[in-house]
Chemist: 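Can you read through this structure? Questions will come right after.
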Amino acid sequence: MRAIVTTAAGDVRVMKVEERPDPQPKRGQVVIRVKAAGLNFADILARQGLYPDGPPKPCVMGYEVSGTVEAVGEGVDTPMIGEPVIAMTRFGGQAELVAVAAAQTFPKPEDLSFEAAAAIPVNYLTAWALLVTMGGLKKEEAVLIHNAGGGVGLAALDIAKHIGAETFGTASTGKHDFLRARGLDHPIDYRQQDWLPALMSSTGNRGVELIIDPLGGANWKKSYRALRATGRMGVFGMSVASASGITGKIRALKAILAMPRFNPIGLMNRNKSVFGLNLGHMWGEGEKVAGWMREIMRGLSEGWIRPHVDRSFPFEQIADAHTHIESRKNIGKVVLVP
Ligand SMILES: NC(=O)c1ccc[n+]([C@@H]2O[C@H](COP(=O)([O-])OP(=O)(O)OC[C@H]3O[C@@H](n4cnc5c(N)ncnc54)[C@H](OP(=O)(O)O)[C@@H]3O)[C@@H](O)[C@H]2O)c1
């Protein structure tokens, strides 16, 4: 099979399409012929050498795919063969074939394209965990979605709209019209201005009840300040560190030094809470994650989950796909097709 191999830490030139042995299904597994694979910000951080959870290089990245079941291992029903599925993959998804536990697959609805299907798992599960499971967002509360134009951001917007919350979102200006059309109530340009005074002035200085923040570093201090009493802040990324080579290492170090340190007494006296999410550390909680996925698939059939594919790149154009995201051009999901 062909696979996208990250050969070393570095710029986009370290990625190559190479031949690898076809995977064989172990007990309880299926092998999927991949039609589309999701590209995530974590893949970029892993290539840059800034993602501690990434596999040792050379490696094949990829957390999610859509495709058809090609073969099944012992203990899996043979009728699955040929079925279109969506699956979460613990790396290895950016390849023509991938072996995964049958329990990590979900039927792909017929009217959903393979590209759109590959845009669901990571973005929507992350947004679900942040907004619903851990963030407890309620109707008429206000939520601030940082990076609202990214894959997780758009997913969070769908879920927040369905809940009936008032939505604020930071994004590059060029994405604001699209975000308004998707239902974002208050887009904020966080690149030409400081987003905190803008948010405070449009909330009558009260702030918001929930903030989801993948930027990290000093931004977490500002997000914490922007919480209204009973507010919750979900931290789940460190986008500010993104860069190849020594620049990335310096940015990551600066971000770590600029992070807030939370004190339980301070949290208590300010009526605020802070929580963290790492979806990549949920593999031991398969049933819980599968439950979230069932809710997401229900939302898809009801029409309020609307995966948006920005662009799809052939495997051979993997460098362009990474550059597209790193230069902040994407609105929503970027997928890779074999
Ligand atoms: N913890 C978890 O379980 C988990 C799961 C999924 C994602 N994440 C994190 O969530 C964040 C968003 O992920 P995603 O997959 O939704 O991203 P994405 O779709 O690839 O979106 C990337 C967007 O982020 C914004 N951005 C902010 N800082 C950036 C930087 N330094 N360089 C390039 N772009 C930057 C850009 O949009 P604007 O300029 O318009 O804002 C860019 O278009 C990442 O930090 C990722 O690691 C965490």
Side-chain angles (χ1 to χ4, degrees), residues 12 37-48 50-54 61-64 88 90 118-131 133-135 144-158 168-179 182 184 187-193 195 211-220 234-244 247-248 250-252 254-255 275-283 285 289 292 307-311 313 321-336:
V12 295
L39 180 62
N40 286 292
F41 210 82
D43 301 324
I44 290 169
L45 294 174
R47 190 210 80 222
Q48 293 167 339
L50 298 176
Y51 189 63
D53 290 345
M61 295 298 296
Y63 286 104
E64 58 195 345
M88 290 166 277
R90 195 172 193 174
I120 292 178
V122 173
N123 289 168
Y124 281 94
L125 287 169
T126 302
W128 189 271
L130 288 165
L131 265 58
T133 311
M134 299 184 83
L144 171 64
I145 301 166
H146 283 298
N147 278 178
V152 175
L154 278 191
L157 181 57
D158 276 355
F168 296 79
T170 60
S172 297
T173 331
K175 302 177 186 177
H176 288 197
D177 286 347
F178 179 91
L179 287 167
R182 289 280 290 202
L184 182 66
I188 301 173
D189 181 354
Y190 71 131
R191 299 192 55 213
Q192 315 287 337
Q193 62 170 351
W195 63 265
I211 301 184
I212 61 166
D213 190 335
L215 292 164
N219 206 69
W220 285 342
V235 300
F236 68 109
M238 191 73 85
S239 302
V240 292
S242 172
S244 304
T247 312
I250 292 169
R251 283 188 190 171
K254 276 190 179 160
F275 62 91
L277 174 79
N278 187 334
L279 191 67
H281 291 184
M282 287 295 291
W283 291 105
E285 294 279 7
V289 176
W292 304 343
H308 176 77
V309 176
D310 175 68
R311 271 189 72 177
F313 291 85
H322 276 226
T323 303
H324 187 65
I325 294 179
E326 285 180 84
S327 55
R328 300 168 180 263
K329 291 200 180 111
N330 67 307
I331 303 184
K333 192 76 180 179
V334 171
V335 298
L336 306 165

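For ligands, and for the atoms within them, numbers begin at 1 and follow the listed sequence.
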Chemist: Heavy-atom pairs closer than 4.0 Å: do any link ligand 1 to the side chain of E326, the backbone, both, or neither?
Modeler: backbone

Chemist: With a 4.0 Å heavy-atom cut-off (strictly under), which part of T126 contacts ligand 1: side chain, backbone, both or neither?
Modeler: side chain

Chemist: In chain order, what residues pass the side chain to side chain donor-acceptor pair (under 3.5 Å) check against H176, with sequence neighbours excluded?
Modeler: none

Chemist: Checking ring pair (Phe, Tyr, Trp, His ring centres under 6.0 Å) against H146, which of W220, W195, F236 comes through?
Modeler: W195

Chemist: For a quick check under 3.5 Å, do N40 and E64 share a side-chain donor-acceptor pair by atom type?
Modeler: yes

Chemist: What atoms of ligand 1 come within less than 4.0 Å of a heavy atom belonging to G150?
Modeler: 16 (O), 19 (O), 21 (O)

Chemist: Among G248, S172, S239, G153, whose heavy atom sits nearest atom 40 (O) of ligand 1?
Modeler: S172

Chemist: Indicate yes or no: does an N/O atom of V240 lie under 3.5 Å from an N/O atom of ligand 1?
Modeler: no

Chemist: Short N/O distance, under 3.5 Å, between V122 and ligand 1?
Modeler: no

Chemist: Mind checking ring-ring contact (aromatic ring centres under 6.0 Å, His included) for H308 and listing every partner two or more places apart, or none if nothing turns up?
Modeler: F178

Chemist: Could you identify the single nearest non-hydrogen protein atom to atom 41 (O) of ligand 1 and state the distance to 0.1 Å?
Modeler: Y190 OH, 2.4 Å

Chemist: Under 3.5 Å, is there a donor on one side chain and an acceptor on the other for E326 and S242?
Modeler: no

Chemist: Return a yes/no value for R191: is any of its N or O atoms, backbone included, closer than 3.5 angstrom to an N or O of ligand 1?
Modeler: no

